[in-house]
Amino acid sequence: MVNGLMAHTERVQLGDRSYDICIGSGLLNGLGEACRGVAPGDRMLLVTDDTVDRLYGQAVSDSLTQAGYEVVRLAVPAGEESKSGTQLFRLYDRAIEMALDRRACVMALGGGVVGDLAGFMAATYLRGLRFIQVPTTLLAMVDSAVGGKTGINLTQGKNLVGAFYQPALVVCDINVLQSLPPREFASGLAEVIKYGIIHDAAFFERLTGQVHQLAQNADALAGIVARSCAIKADVVRQDERDGGLRNILNFGHTLGHALEKVAGYGTFLHGEAVGIGMAYAARVSARVHGLSTGEVDRILALVKAAGLPIHAPGFAWADLRHAMEVDKKGSSGQPRFVLADRIGHVDWGCVVPEDVLEEAWHAGGQ
Ligand code: NAD
Ligand code: GLY
């Protein structure tokens, strides 16, 4: 029993900004009480999107009200477009209208879009309000709700404005994943598979055995969310502000980000682009970093078994390569890669010869 919830708990150890990630089934009911331990004020700005609001908004609002909070509820339109200045200023306006002061808390109930937007609002309104993440997509549970990256998109690019701002609590209710569309579920699995590749070969093996029935097995799902969060928490503990080790979380993302951009945002879900990016990074790893071809095949097989694509025919290499040059994580136009020497271990900051980069892309189509 942690924070009044019957849940498995992982802790992100960051000194006086440490916090718990609670993972279990049916946690939304006890959410209000759980918040009491970290949000002593009496007002809660509940930020969600209209889809999640229809499904869970009332239950969450009721739980918060029962725990004594006055709830100010605001739903943005579902989708990436809401990670915008327009929606951010809507949140500020509402907060000012309701005279929210520093004792108020912001809760993000939704996927990564809501988490990033509400988190940035919490980081900046009155120079910082307490913030709680209640992720409702698999991707948000295993990735975006943990680690404190918040922000919005500009017309010039994704995540260009943001802040590192840690939540005070993360609550992952596995039951909400039942309503998640299968394509969104698969997208989240890409990040789960990533943790196996970058850090935990046994976890990769376990996923290989479980991937087909995960959506139907709440216990197995809670287990993989917990292990993913534990790995992310450990990386964030060591490199909160993305100065070195945290780069390993970008395995598959150098190409993935480029593909999202070239295809037009929204063509691929983030995890789909990352699936293709991980398959590509595995091929590059085999060429220059010692990953065996057998392990490349195991990575491709798991990505495919998760329902994710492993290649995107029809995109010109020149366009993808150009998009990598302007990826903010590269330096001086030279893209850096996270490469695996075996499943369970990667290195970051790897520079790869141009001919290898191009040949590995074309090899994906064979
Ligand atoms: P999302 O927030 O857009 O959610 C995907 C869709 O699922 C939405 O339409 C949403 O309404 C719906 N949905 C959410 N929960 C649901 C549920 N339980 N049942 C039914 N439908 C549900 O997308 P996402 O994949 O969660 O997050 C993507 C965003 O996360 C991107 O903006 C990305 O940049 C960001 N991100 C941030 C970090 C970080 O560290 N902060 C990491 C990875 C990704
Ligand atoms: N999603 C990558 C990170 O949190 O650093």
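Since the model is a prediction, treat every value here as computed from it, not as a measurement. First listed ligand is number 1; within each ligand, the first listed atom is number 1. Only this structure's heavy atoms are used, side chains among them; waters, hydrogens and symmetry mates stay out.
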for atom 22 (C) of ligand 1, nearest protein heavy atom and its distance come out as Leu180 CD1, 3.7 Å
Has ligand 1 got any nitrogen or oxygen that is less than 3.5 angstrom from a nitrogen or oxygen of Val176?
-> yes
Below 4.0 Å from any atom of ligand 2, is there a heavy atom belonging to Asp242?
-> no
Are the side chain of Ser63 and the backbone of Gly32 linked by a donor-acceptor contact shorter than 3.5 Å?
-> yes
Hey, what do you get for CZ (Phe164) to CG (Asp242), rounding to the nearest 0.5 Å?
-> 5.0 Å
Is Lys194 reaching over with its side chain to a backbone N or O of Leu249, donor-acceptor style, under 3.5 angstrom?
-> yes
Please identify which atoms of ligand 1 are closer than 4.0 Å to at least one heavy atom of Lys83.
-> 31 (C), 32 (O), 33 (C), 34 (O), 35 (C)
Does any N/O atom on Lys149 come nearer than 3.5 Å to any N/O atom on ligand 1?
-> yes
Atom 12 (C) of ligand 1 within contact range, any protein heavy atom under 4.0 Å = no
Does any N or O in the side chain of Ser82 come within less than 3.5 Å of the main-chain N or O of Ala78, such that one atom is a donor and the other an acceptor?
-> no
Ligand 1-proximal atoms of Lys232, by part, heavy-atom distance under 4.0 Å = side chain
Supply the atom-to-atom distance Tyr69 OH to Cys105 SG, rounded to the nearest 0.5 angstrom.
-> 6.5 Å
Asp49 to ligand 1: N or O pair under 3.5 Å?
-> yes
Near Lys158, which atoms of ligand 1 are under 4.0 Å from a heavy atom of that residue?
-> 31 (C), 32 (O), 33 (C), 34 (O)
Side chain Gln133, main chain Pro167, donor-acceptor under 3.5 Å = no
How does Asp116 reach ligand 1, if at all, at less than 4.0 Å between non-hydrogen atoms: by side chain, backbone, both, or neither?
-> side chain
Report the part of Asp50 in contact with ligand 1, treating N, CA, C, O as backbone and CB onward as side chain, heavy atoms under 4.0 Å; options are side chain, backbone, both, neither.
-> neither
Quick check: does Lys194 get an N/O under 3.5 Å from an N/O on ligand 2?
-> no
Examine Thr136 against ligand 1 and note whether any of their N/O atoms are separated by less than 3.5 Å.
-> yes
Per-atom contacts of ligand 2 with Lys232, taking only distances under 4.0 Å to non-hydrogen atoms = 1 (N), 3 (C), 4 (O)
Are the side chain of Asn159 and the backbone of Asn153 linked by a donor-acceptor contact shorter than 3.5 Å?
-> no
Is the side chain of Asp116 donor-acceptor paired with the backbone N or O of Thr150 at a distance under 3.5 Å, no angle test?
-> no
Looking at Val113, Thr51, Val76, the heavy atom closest to atom 1 (P) of ligand 1 belongs to Val113
Side chain, backbone, both or neither: which part of Leu55 comes within less than 4.0 Å of ligand 1 when only heavy atoms are counted?
-> side chain
Just say parallel, tilted or perpendicular for the rings of Tyr125 and Tyr92, cut-offs at 30° and 60°.
-> parallel
Is the shortest N/O to N/O distance between Leu177 and ligand 1 below 3.5 Å?
-> no
